[in-house]
*Asks:* 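This is the structure I want to talk about, given as structure tokens.
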Amino acid sequence: MLQLVPFCETMDSSSGHSIFRDVNGFFTTLTQGLDNLEQAISPHNFMSMDWLQQIVALLRSLHREIIQLVQKLQLPVGDRWLDEYMDESSKLWDVCHVLKCGITGLEQYQNVVENVSMTLNANSSPTNQQCRQVMRSISGCWREALSLEEENKVLIETKIQADGKLFLQLDDKVIEANFAKWNGFNGFRGVMYAMKNTSSLLLMLLLWGLVYSFNENSIAVDNLCFRSSFFASSSRLQQRVDAEINRVKSSIKTTMYSRPAFFLYEFGKTQSLMGELWTQLDLRSRGSQQGNNNTVDCQESLIDKIEQLEHFSGLVKSGLENVDSQLDDFFDEIVDGRKMLLDICSQSAIEAM
């Protein structure tokens with residue numbers, strides 16, 4: 001496998017070693033970021049909040065790299081490269097707003113879960129009546145979760161799928177057919193192609209984790225002989241994610257608690273724990289009605305599940321706050337980046353007069 005970056009392998013030496021070095025630096029950052037994400041995937045907590053936060057951080061890093069690269073490549077004023085960047089930054093803006101909507105819905109749902117957790121904490125040794133009260137609250141949580149999933153499904157269908165916002169194309173034949181074109185603008189066109197693919201993949205993973213899982217087979221790729229380390233890294237990440245999604249779906253069949261319509265690990269744990277608590281409270285209530293005494297082991301198990309629910313609910317809350325804050329910062333960076341590139345073009349146009 002060639003380790004050179006794509007779209008620059010045939011660049012004329014007259015373009016300068018510095019241009020090649022700058023473009024190469026972008027692909028090195030991109031490849032390393034994808035490799036780090038792939039290596040951070042764990043079957044024990046697939047789509048964890050920490051992993052999703054790494055995705056947002058990589059998106060922001062790549063966008064900053066793009067802005068810095070433009071300033072170094074001395075691109076022609078107001079040419080097609082600017083349109084391509086503006087289109088890409090618009091996609092980032094729109095999809096991140098969908099993510100923000102999904103996060104808002106999740107935060108509202110977590111408030112309901114917290115109320116259940118607080119009720120359980122206040123009654124760690126509940127009476128029969130209290131058991132029934134908490135069971136009704138848990139059932140209410142499940143109804144809220146179903147409502148959230150339906151709202152998110154509509155959000156994805158209307159804001160993402162209907163507009164075809166996520167471009168994802170890793171095809172050797174397409175790459176070969178357009179290789180010369182992607183060397184355009186000192187390699188920047190190839191950089192934008194890589195950015196479009198990568199950002200679409202990363203945004204899709206964020207949507208699957210936080211909003212709604214859709215078109216899950218769209219990232220499955222064959223074991224193609226990619227000509228660059230970037231495509232190989234992207235392929236490995238996609239294949240690993242595909243394998244984990246299939247594993248999660250298979251595991252659902254062996255448990256009584258179904259996975260929610262999105263893959264956030266900590267959210268799935270809270271759902272599972274509430275299911276286990278509902279069952280345990282139901283058994284406790286029935287035992288109380290029949291005059292059976294609850295054993296110490298059952299009491300300890302109940303307390304342990306209450307503590308786990310509080311723990312994972314807290315992880316969801318803090319993780320959502322972090323991602324929401326990162327997205328706000330990302331919006332600012334997109335606005336600043338667009339303004340900076342427009343200012344560069346305006347200044348260059350004035351100087352050329």
Side-chain angles (χ1 to χ4, degrees), residues 46-49 51-60 63 87-114 140-168 196-219 238 241-242 244-245 248-249 252 258-271 313 315-335:
F46 177 60
M47 287 277 184
S48 68
M49 284 297 329
W51 193 68
L52 295 175
Q53 289 173 51
Q54 289 181 48
I55 292 177
V56 179
L58 179 57
L59 265 177
R60 293 178 62 191
H63 179 261
D87 290 344
E88 172 63 13
S89 59
S90 293
K91 179 192 76 176
L92 291 170
W93 182 276
D94 291 343
V95 179
C96 284
H97 269 290
V98 173
L99 284 167
K100 289 273 290 183
C101 290
I103 288 172
T104 298
L106 261 175
E107 287 177 332
Q108 292 172 352
Y109 172 77
Q110 281 304 121
N111 292 333
V112 180
V113 176
E114 282 186 14
C141 272
W142 288 337
R143 289 191 295 271
E144 289 288 334
L146 290 174
S147 176
L148 174 64
E149 291 169 7
E150 186 59 33
E151 290 174 5
N152 287 353
K153 180 182 179 182
V154 173
L155 183 64
I156 290 295
E157 289 174 346
T158 55
K159 300 296 185 180
I160 302 296
Q161 291 177 306
D163 294 336
K165 289 185 183 299
L166 297 183
F167 170 93
L168 190 60
K196 288 176 184 177
N197 268 287
T198 301
S199 65
S200 289
L201 172 60
L202 299 182
L203 290 168
M204 198 176 293
L205 294 176
L206 287 170
L207 290 170
W208 287 353
L210 297 171
V211 185
Y212 192 80
S213 57
F214 64 102
N215 292 351
E216 292 154 15
N217 295 327
S218 64
I219 67 166
Q238 293 178 66
V241 169
D242 188 54
E244 288 302 316
I245 286 175
V248 169
K249 287 181 174 180
I252 290 174
S258 63
R259 183 85 176 195
F262 46 94
F263 289 99
L264 179 60
Y265 169 74
E266 289 84 356
F267 180 83
K269 284 292 294 184
T270 62
Q271 292 291 89
S313 178
L315 290 179
V316 173
K317 181 178 180 179
S318 61
L320 290 175
E321 289 174 351
N322 184 282
V323 172
D324 193 54
S325 177
Q326 283 202 62
L327 290 176
D328 285 338
D329 291 340
F330 194 22
F331 287 138
D332 291 339
E333 292 166 3
I334 290 172
V335 171

*Asks:* Who pairs with Q326 by side-chain hydrogen bond (donor to acceptor under 3.5 Å, both in side chains), at least two apart in sequence or on another chain?
*Replies:* N322
*Asks:* Can you find a pair of side-chain heavy atoms, one from D94 and one from K159, that are under 4.5 Å apart?
*Replies:* no
*Asks:* Please name the pair of heavy atoms, one in I245 and one in F46, separated by the smallest distance, quoted to 0.1 Å.
*Replies:* CG1-CE2, 3.9 Å
*Asks:* Of all the heavy-atom pairs spanning M49 and L315, show the shortest one and how long it is.
*Replies:* CG-O, 3.9 Å
*Asks:* Just verifying a value: how many Å separate S325 OG and D329 CG, rounded to the nearest 0.5 Å?
*Replies:* 5.0 Å
*Asks:* Could you list the residues that satisfy side-chain hydrogen bond (donor to acceptor under 3.5 Å, both in side chains) with D324, not counting sequence neighbours?
*Replies:* K100
*Asks:* Between L327 and I103, is there a side-chain heavy-atom distance shorter than 4.5 Å?
*Replies:* yes
*Asks:* Can you give me the closest heavy-atom contact between C101 and L155, atom names plus distance?
*Replies:* CB-CD2, 3.8 Å
*Asks:* Who are the side chain to side chain contact (heavy atoms under 4.5 Å, CB included) partners of V154, not counting sequence neighbours?
*Replies:* E150, T158
*Asks:* Is there a side-chain contact between L99 and L203 (heavy atoms, below 4.5 Å)?
*Replies:* yes
*Asks:* Keeping the roles fixed (side chain from S213, backbone from A261), state whether a donor-acceptor pair exists under 3.5 Å.
*Replies:* yes
*Asks:* Would you please name every residue forming a side-chain hydrogen bond (donor to acceptor under 3.5 Å, both in side chains) with E244, sequence neighbours left out?
*Replies:* R247
*Asks:* Who are the side-chain hydrogen bond (donor to acceptor under 3.5 Å, both in side chains) partners of S48, not counting sequence neighbours?
*Replies:* none
*Asks:* Quick one, F267 and L210 - any side-chain contact, counting heavy atoms below 4.5 Å?
*Replies:* no
*Asks:* So, taking the atom named CG in L92 and the one named CD1 in I334, what distance separates them when rounded to the nearest 0.5 Å?
*Replies:* 5.0 Å
*Asks:* Is a donor on one side and an acceptor on the other found under 3.5 Å between the side chain of E333 and the backbone of H63?
*Replies:* no
*Asks:* With D87, which residues qualify under side chain to side chain contact (heavy atoms under 4.5 Å, CB included), at least two apart?
*Replies:* R80
*Asks:* Tell me, do L264 and M47 make a side-chain contact under 4.5 Å, heavy atoms counted?
*Replies:* no
*Asks:* Rounded to the nearest 0.5 Å, what separation is found between the OH atom of Y212 and the NZ atom of K153?
*Replies:* 4.5 Å
*Asks:* Looking at residues at least two apart in the chain, or sitting in another chain, which of them share a side chain to side chain contact (heavy atoms under 4.5 Å, CB included) with L148?
*Replies:* L106, Y109, N152, F262
*Asks:* Using 0.5 Å steps for rounding, measure from the CD atom of E144 to the CG atom of N111.
*Replies:* 10.5 Å
*Asks:* I'd like to check the side chain to side chain contact (heavy atoms under 4.5 Å, CB included) partners of K317; sequence neighbours left out, ordered by chain and number.
*Replies:* E114, E321
*Asks:* Which residues satisfy the salt bridge (Lys or Arg N to Asp or Glu O under 4.0 Å) test with E88, sequence neighbours excluded?
*Replies:* K91
*Asks:* Test side-chain contact (heavy atoms from CB on, under 4.5 Å) on L206 and L59 and set out the steps.
*Replies:* CA-CA 11 Å; L206 287 170; L59 265 177; 4.0 Å; yes
*Asks:* Find the distance between OG1 (T270) and OH (Y265) and round it off to the nearest 0.5 Å.
*Replies:* 11.0 Å
*Asks:* Hey, does V113 have a side-chain heavy atom less than 4.5 Å from the side chain of V316?
*Replies:* no
*Asks:* Distance from I156 atom CD1 to L207 atom CG, nearest 0.5 Å?
*Replies:* 4.5 Å
*Asks:* Do L205 and F263 have side chains that approach each other closer than 4.5 Å (heavy atoms only, starting at C-beta)?
*Replies:* no
